[in-house]
Each structure stands twice: as C-alpha cells, then as structure tokens.
Amino acid sequence: MKKALIITLSLTLVLGTVFAASAKKAGVLEIWTDKVRYEILKPITEDFEDDYSVDVELSQINYDDIRSQFNKAAPSEEGPDILIGAHDWTGELAQNGLLEPIIMSEDLKEEFTEVSLDAFTYNDSIYGLPYSMEAIALIYNKELVEEPPETWDELMEVARELTNPEEKKYGFVYPGTGDPYHTYPFISAHGGYIFKYEGGFNPDQLGLTTEGALKGLRILDKMYEDGLIPQGIDYSTSQGLFTEGDAGMWMTGPWAISGVKDAGIDFGVMKLPPMDGNQPKPFVGVNGFYLSSYAEDTVLANEFLTNYVATEDVMMELYEKGNRPPVYKPVREKAKNDPTTAAFLESASVGTPMPNIPEMNATWGALTDKLQLISQQKQEPEAAMEAAEKIIKEAIGQGEY
Amino acid sequence: MTNILNESNYGLFFKLIFLGLLDAIGIWASVLLYFQGAYGFIVALLLGAATIHYVFLSDRTYPIRYMVPGLIFLFAFVVYPIGYTFYLSTTNYGTGHILSKQQAIESLEGQYYQPEDPVSYSFEAYKNNQGDIKLILQSNTGDKTYLTGGEELTEVNLGNERFVDSDEDGTIESFGDYELMSRTEVIGVLQKLQKWKPKANGVALQMSNLTTFDQRISRYEYLDEQDRIRDRQTGELFRPEEGTFVSTTTERSLEPGFKATVGLENFSKIFRDPMITGPFLRVFTWTFIWAFMSVLTTFVLGLGIAIILSDSRLRLKPLYKGLLILPYAIPAFISALIWRGFFNTNVGIINTKLLQPLLGLSPAWFQDPLLAKVAVLIVNLWLGFPYMMVVCLGALQSIQPELYEVAKVDGASPFQQFRKITLPLLMVSVGPLLIGSFAFNFNNFNIIFLVTRGEPPIVGATTAGSTDILISYTYKLAFGGQGATQYGLAAAISIIIFLIIGTISAINFHYTGALEEMSENV
Amino acid sequence: MFNTKSVFKRFWSWFSGRGFKHLIMLAVLAFVLYPIIWIISASVNPVGSLSAQSLVPDNPTLENYRLFFLGGADKYNAPFLLWLWNSLKLSVLTGLIGTAMSALAAYAFSRFRFTGRRTGLLGLLLVQLFPQMLAMVALYFLLLQIGDLAPWLGLNTHTGLLMVYLGGTLGFHTWLLKGFFDSIPHSLEESAQVDGASHFQAFIRIILPLARPMLAVIFILTMIFVYSDFILASILLQDTSQYTLAVGLKLFIFGSYNQRWGIFAAAALIGAVPIVTIFLSLQDQIVAGLTQGSVKG
C-alpha cells in the first residue's frame, strides 16, 4: 500500500508540473483576422515582436464568424486584443461594452478621410482604425456597352437593347433580389434613407416611406416589370453572368474586380449614373481594426495599430491585396492613378455611410422581404415600404434587434 | 484494501496510473481555479475526485469502475450542458447583456470624458536599483513639469542640477539613483503604468500611449451600499433593473447592460411578444410539417421500391439495390451542399438542364417560401428513402408468405392484401423506426442549414426564415452573426425542443414497450 | 401479323408482370443517379463554373483533383487535405475511444447487479433523448471555460471537440452494446473465472472477441456521425486550419457556387469516398445497427 501511495504521489508531481507548464503565457497580443489580412499582418507582427519583445498571436478566423465569436469570447477574457471588422458592427459591440476607443493623435486623424473615421464613431468615440472602404458602382463590359450610360434613362435603354432572356443575355444585373445593401442606391437617389443622419443616425427617424425613397423604388419596380433586371439573382449568379460575358452592366462593389480581371473581361467602372438628375447614393462600408476593452494591454494594442498598421507600407498592401479602395490619405493619392480604384472612390465619395447603430440589425430582414415582393411584382413600393417601416418600428420599440 | 492485494499487479499498476493522473489533473486544475476564484468548481472537482477514488478503492462499487470513463464525459459534456441550458433559458443573456454585473460596472467606471481644453503630458520613465519607477511628466503647454511615483504629483524644475542631461538633448538621463528606462524596459512595465492615475489639479491623468498621459475624468461611479450608478457629470442616479442600469428620474439607461436572471421571461416572450411569437409559430409549425413530410415521402418511396424489390423473380435485383443505397452512403453534408448548387435558380442544373428546356420553367427555388420548402423535401427524399427501403425490405421478408396464399384463396385483391396484411404487419416492426426518423428529422440541422440556410426570410421576422426549423432557428439566434444574438431565448427554444422530443420518444417507448422490457430485465 | 401479335402479347405479359417494375426502377435510378453523374462530370470538367457545365465535358481533365491535393493552389488557398485529415482523425479517435468506453459501461450494466443500476440505465436513456446540439450555447461556454485552464482542451482544439463528441455518442451505444452482451451466455466467462481470471480479464479475453462484429458497427456508426457533424464543429472550431471537412467545404462553396463548382465537385467526391467505401462494405451490419433506434446523421 505504501508503494502504491508513493507511486501515486510522484506521478501527481510529475504530471502536475507538465500541466502547469502548458498554461497560457502572459503578455501576448492576440489578433483575429481573416485570410487576406493575415498574410499582410504576419510580417509586421514579427517586427512588432522584435521591437517590443512581446509575443503576437495572429489567428486566422473566418470573417463571417469574427463578430459572433468575439461577442462570446471577449467577456471571459478569451477573445483577441485586436480584431478586424466592418464599421457597422460598432454600435452593437460598443453597446455590449466590448470596445475600447482607439486613441489617435490629431496628426494621425488627419491622415484618414473624415468619412472613414465618422463611420467608426459611436457616442463621440472612435472605435476603429479604418483601412479601406467600399461602395458599389457600375461595372460594365466594354465590348457590350460601348458608351457608358450618362443617366439612368440611358442605362435602362442600354439594358433594353442587350436583354434577351431566351439566350440568357442581360443588360443589367445586380445581386439584387431583396438585398437592401445593393438596392439602397434606388432608395437614396431622390433623398430617401433608412435612418436619418443628424450627426449620428437617429433610430426613430425612418425614411423608407418618404417620397424620395418611393420614387427610386418605383424605378426599380418598373425595371423588374419591363424585365430589365432578371429575377432571383444572387451574388454568385450575377458574377457568373458578367464574367462569362452574358451581362453588359453589373452593379456591385470592388470585391468583384479580381474575378472580372481573371475572366479576361474588358471592363470599365463608373459611379452610378444619376436618376432624373439625382445622384444615387450607395452605402459606404468601411473596414477597420477594433480594439477590445478586454485587451490585456490596451496601450500596447493601441501602439500596434497607430504605429505599425497606420503606416504607408501596410496601408498600401492592405489596399493592393485587399482589393478595396484605401482611406489612408497618402495611399489614396497614389491609388487614384488606377482608374478602377478612382471610380470606386468617386462612387464612395457620393455615398452615405451604412448606419453603425445596432438598430440597423432590425431593418435587414424586413427590407429584404419587402424588396423581394416588389421585385416579384407582388406588392407596390408604397404598400411594401409602409409594411416594412411598421415592422422595423415595432422591432425597435420592442428592443428586438 | 483486500481488494487491491487480490488483484494482479498488472491491474494495480493501471489503477494507480489512472488515479495518479486524475489527482494530478485535479490538483493542477484546483490551483488554477483557486486563482480564478472559481470556488464552486473546486468543490465540484473535489467531490468528483473523491467519488472516483471511493469507486476505485472500495469493493462494493466494483461495477461502477467500468463506467467511470464514460460517466466523466457524459456528465461533463451532456448532463452539465443540459443543466446549463436550463439556467441560460432563465437569463437575458444576449446582445446588450453579455457582461456580468461586475464587468458592466467596471466598464462604466472606465468610461471617461476629458475636461475642456485638455492638457496632455509627455513622459519619460526612470528606474532605480530597487526597481522603483518614477515618471517625469511634461505638459504639452510647456509650463508644467511633474515627478510622480504613481500617486502624488510633485511639481519639479528640470533646471535643478540633480536632473542630469549630459548630452543636452532635452531628455533627462538620470536623477538621484534613478536611471532613464529604454523603450523596451517601459514596455515591460506597461501593465503597471496603465494602472497609475496621478491627479493634477483634481483631474486624474492616465496613460494613453507609450509617450503620453492624458487627463481623464471618470464619468460614472458605483455606489456600493445603495447599488446605484451615479453620473458625475449630471448627478443622475441609475438603478439596476433586469440587466440594465436605468435612471431613477429620467428615461435614460446606460450601456452596457449586464446578464441577469429574468425567470420565465424568455418563455413568455415566445408566446406573447408579437415580434417573436409570429415567426416562432411559423417555424414551429413548419418543423412539424417538415419532419412529418420527410418521414412520409421517404417511407412511401422506400416502401414502394421495397415491394418491387421483394419480387423474387425480378432480375438485376442486387444491382438496383446496390445503386439505390448510394445516396444514403454519402455523408449528408456533402449531398446537401451539392444539391444547393443544383437548385440555384439561374445556373443550377435543375433549372438550366431540366425545367427550362423541358417545360420552359425557371422557378426561383430559394426565393419563394413554398418552393424552398419543396426543395429541401426533395433533397431529403433523395438521401433518406434508401434507409426506408432497406428497413422495409427486411420487414417484408419476415412476413410469412402463407398469409398471402390464404388471402388469395379468399379472393383478396393485391391492394386489399397490401392494406390488410402487408401494412399492418409492416407497421409493427417499422412503426417505431418511423417515429425515430420523425424525431431525427425534427432536428435535421444539416439538410436545412446547408441547403437553404433557412431562407427565404419570413415577413416581419429579424432572424427566422421560411425553411428554418427550430434547431436552425436556435443556431441563428445564438451564432447567427447577422443581427442580435439572444442566448437566453435560444436556450429557451432548446428546452422546448427537448420537451417535444421527449414526448415523442415517450410515445415511442410506450409503443415498443422498451421500458417494460427493461423493467423485466432488471 | 401473327408474329407481331405474339411478340406484343409476350411483351405485355412480361411488362405487366415484371417489366413495369423495371421501368419504375429505372425512373428511381434516374432520380438517384442524376445528381451523382452530374457531380462526377463536373469534377472532370475543365470549365469550373456551374453555369457552364455540361453532362459530357468536352475535354475531361483531372485538373480539379490535382488542385484538391494542392489545396486549391494559390487561386483558392483552401487546405482540403488538412480538413479531410482533421475529419478522419476526429472520427477515428472518437470511434475508438467511444467504443471502448461504451463497451466498458455496457459490460457493467450487463453483467453486474448493483444498486442504482436501473436508475443508471433509465438515466442514460433520458439523457440520450436530449440531442447534444441543443446545448450548443452551453457547450461553447464550457469549452471556453476549460480553455482558460488548459488551452489545448478548449475552444478551437480537436481535443476539446473530441471530448464533446465522446460525451454525445456514449448513451445510445452503451444501450446497443448492453443488449448485445446480454445475449452472450454467462457460462463462457464463468468457466474462465474458474480458471482464475478476474472479471476484467474475462471481459477482455472472452466478451470483447465475441462482440467484435457489434463493436465494429458501433465504431463505424460513431465515425460516420462525427464525420458528418457540421453544427458542433462549426461552433467549436474557429481557425480555418482546424476545420473539419464539413465546416471547411461549406465555407469554401457557400456564396461562390458558380465559380468554385468544379473543384468543389472533386472535393465532395473525395470527401465522400471514405464513408461510402466503409458503408457499402459493411452495409448489412450498419443497417442492422441503425434499425435498433437511430438514424444516420
């Protein structure tokens, strides 16, 4: 029995040491990023490790999972110190108490476009270091569309000429069926909006039933009615049609460009042409780095962002490999030489930031559904938007978003 | 103890290794838990460890030893999560309420504002042999210089000769026994410096980056005895109410909120809150229709084929059977992903190669609620009927052929034979399997999520889609990524699913007499 | 004239007897094989997009398979082989350990009479009614907590996911095996015990070899369950390099159906091969096991 005890005890000691040694190391900066950004950040994290003699742990996480995983992991202090994300998460994450404002000197703020910082601003604090922005524009196939349309009427004319559903040829496609993001230019062209912007977005001021919104949606309705936009198109399908030369114009964002280039299409990009003299204003999405309020060392994380990421070299790479127009002014100036980027930048410059308030979550479902009904000719814009507004208001009133 | 002596050394050796390993993990985990202050866990751990030792050292509990490995996992990864799910269903855990109350208070206390015309201070850090650290802070207005060891600020004049700047670059290299710290050294003590909040003129300074301290006034304070939060700027008081600090005087409430127990609130929401009840009922109804139709369609096709295949004179039978089983052999997630591509409205082969050329139709499969439902049922039929086929084949073989002979003599038509003999006898053996299949499809997450992802959206719902079943709805509520996460509500729906499945299984046990059988067995 | 009539008559009698059955079978076969043939065709079609595929590809090539083994190369950069390996690793390990644990527990339930046996069996039955995935939120937080103590057991680790699977597969399999052990006569072990073998030795040397076919079925059922699981793996794994094939393939193809169809087809076929092979070779035993109360996932 004695022998047994001794064996047990010594085993305990040995194993205890082994386990203890495997415990987590302290003083680590953890970063969550997607695949593209991972490759770009890898070398600079190594620099940072050398300069500051700290460990940086770079985790590659599926972009769509970052937000929800962060929400769960952060309060248990298991989350990252820095994460990448879209600006419209700001409201929700800040409301959850998970974000730390990023401290930027006035000089550094000057380096970024104003709209990109505004996008990350919530309750007067800047919660993200922006690196790129995106807004949809009109991509056209130069072989099919010889003269790019200067007005929306011209666009419809070109579409009419090119569309031939029998042969699966289309003039104008967009990943539209019910996608509020891609349909927003129709809502905004004549002054419509989802939430009114008054220095911040006001969740109590909805603008879907304003005459401006309805005017644009009537145009959308008409285009579907006349068969100028094919039904049931998702992103992948519209991409297939355009890259195989079966569609003349494609309304979508900069993420599409690499695929179009690969397909060898001779293309041009332009900002959306005006509707009855009014400029359609696409949603502008800004991408950036967030700082967790559960970061082990916020100063260190802030240091990494403001001194290692906010540099011309890194911003340049984020622009080139990420396929999104830059917001960092020095890079932006250089990027303007590229006509594609210039066109997307121009489109973004006329756009409005996507609301970053958490109430925005309440709008997607209702809008998607109603826009689908419009496209299927089952409901008129007036009735559809009235219903959508009612649902959104109720949801916001109940706090269900 | 006699037991130990009687056993072979071999067994003893393993037993000791096992217990040693267990103790090691136990001690190591307790230490870690102790430092984390998770005392409840430690008690659970010690109780568990004591039980296991008892089991392994006492004769009476010999049989239990065989179950210990399994029981550990069962308790840790099934029983405990079930209990935790019940607990979650009584909380408001979700967007806006994901911190603990303590964390929410800390978060609020961490919120600050800057005074008008804020002054910021650049600093250099100095260290003496004892490892004490002091900072020299210089205001950006250039008129103030302070020395601090963390608490107090003392105004100093750098012109004093005890401050040595031998290279005259404006940076003091040493004073007294304090030496200037390198950047790397400063980084080493960052965590410590960030906690320093020395006050200048009543306003606290806090480190904002590696070179500066800024003026920060903490906005809220927590009043312990009253359990209230006070806004220093306005003097307003806030009391905690179901996970949110709400003002005692105005409409205002504070962000972030915190996790709180709300009793049966989630369940009453499901049945009363119009925003949730509507979508929930639709999802609920569709879950039943889906499970029922899944069983019905696969069973009818499977049975039909089984009847044909049980014709002993039919040639090529093994070939047919071998090929027809294929869909069942392919992992369901792969089939589901493939079918999603096939059903694509514009490029999927169902439209482009079948319906369009043959019928001139091009239905929008995933945009139309009804068509989407048909699509998932077709996919499920494809991969589910072989199971029914095989099951029915077995059951048909066990029906005695004499019964049919007798029926024929009595002049029964083939249909009558089917209705009066085949079906009833079949049901005896297949019936429980149908119920089992119903219960399985009730939670058939893979097919729904990987084919339609629950889409298209339901009118008026923020999360639920037309083809969502309860389990995929739960998943979206908790892990959706789109829109708000509501763990509490998700857990409540989990409980409801559990109750339904439990009821179905109880019916099944009753049907098969499984429980009675077991009672006799014991 | 006469001849034609007789041929027709013979055809009709054949048709009404068995012919129409063949016809139905052919129709069902078409339904079953249509997608499979399409996916095989797509995998060897050099035009990788969904919209451009045809049933008989013009210039069949194995390029998509080559790309699979290269992880999609630079173009897609998807570690298919790693995902496949992760899936196989998890399913085989869960199968082995799970079967061993179930066998031990089932042996105790089958051969010993002890207080709490009935409660234990009933409890097992009840617990098993609760599909583990319903507790997904709880499991997530549990692993999050465990990861705080031991990062190699927590979220985003295969060991953590393995433990969850082990807990989830145990109940039902213990029941299945207990039933089987009950059918093995006690006399076999009793004679061994007369020769001085302990209970445990009797279990190892006598019961286990006899139960080998049943153990194989349990092993394979567990394997298939783990291999096909999407929901738990997608919640509990975070890094792309940790994904199982189910999670990885879904991520790879969702939203990019049109462009990635060709390589996806190759990946889907390769991913299906291990399970299809095992299933078809042990078909009868698996179905027998399944009919005892569970349906494949």
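In what follows, chains are A, B, ... by sequence order, proteins preceding strands, each numbered from 1.
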Notebook entry, point to check: With only heavy atoms counted, which part of C:L245 is less than 4.5 Å from chain B, the side chain, the backbone, both or neither?
Noted result: both

Next item on the list: Indicate, with yes or no, if the rings of C:Y34 and B:W382 have centres closer together than 6.0 Å.
Entry: no

Note to self: Given heavy-atom pairs under 4.5 angstrom as the criterion, report whether the side chain, backbone, both or neither of B:Y80 touches chain C.
What the structure shows: side chain

Margin query: Which atoms of B:L309 are under 4.5 Å from chain C, going by heavy atoms: the side chain, the backbone, both sets, or neither?
Written below: side chain

Item checked: C:P131, part contacting chain B, at a heavy-atom distance under 4.5 Å -> side chain

Note to self: Are C:F141 and B:Y93 an aromatic pair, judged by ring center distance below 6.0 Å?
What the structure shows: yes

Checklist line | Atom group of C:L143 that falls short of 4.5 Å from chain B, counting heavy atoms | finding: side chain

Notebook entry, point to check: chain B heavy atoms under 4.5 Å from C:F31: which part of the residue, side chain, backbone, both or neither?
Noted result: both

Next item on the list: Below 4.5 Å from any heavy atom of chain B, which atoms of C:Y107 appear? Answer side chain, backbone, both or neither.
Entry: side chain

Check: Taking all atoms of both residues into account, what is the closest heavy-atom pair of C:F264 and B:L337, and its distance?
Finding: CZ-CB, 3.6 Å

Checklist line | Residue pair C:F114, B:Y62: steps toward the ring pair (Phe, Tyr, Trp, His ring centres under 6.0 Å) verdict | finding: CA-CA 9 Å; C:F114 49 92; B:Y62 180 72; over 10 Å; no

Next item on the list: Check whether the ring centres of B:Y328 and C:F279 lie less than 6.0 Å apart, and answer yes or no.
Entry: yes

Next item on the list: Name the region of C:I24, side chain, backbone, both or neither, that has any atom closer than 4.5 Å to a heavy atom of chain B.
Entry: side chain

Next item on the list: Please report the shortest heavy-atom distance between C:V28 and B:F385, naming the atom on each side.
Entry: CG1-CZ, 4.0 Å

Item checked: Segment of B:P432 engaging chain C (4.5 angstrom heavy-atom cut-off) -> neither

Check: Is there a donor-acceptor contact under 3.5 Å linking the side chains of B:Y66 and C:H199?
Finding: no

Next item on the list: Please look at C:L124 and chain B and tell me whether the side chain, the backbone, both or neither of the residue comes under 4.5 angstrom of a heavy atom of that chain.
Entry: side chain

Margin query: Could you tell me if the side chain of B:L323 sits less than 4.5 Å from the side chain of C:V32, heavy atoms only?
Written below: no

Next item on the list: Sort C:Y227 into side chain, backbone, both or neither according to what part of it lies under 4.5 angstrom from a heavy atom of chain B.
Entry: both

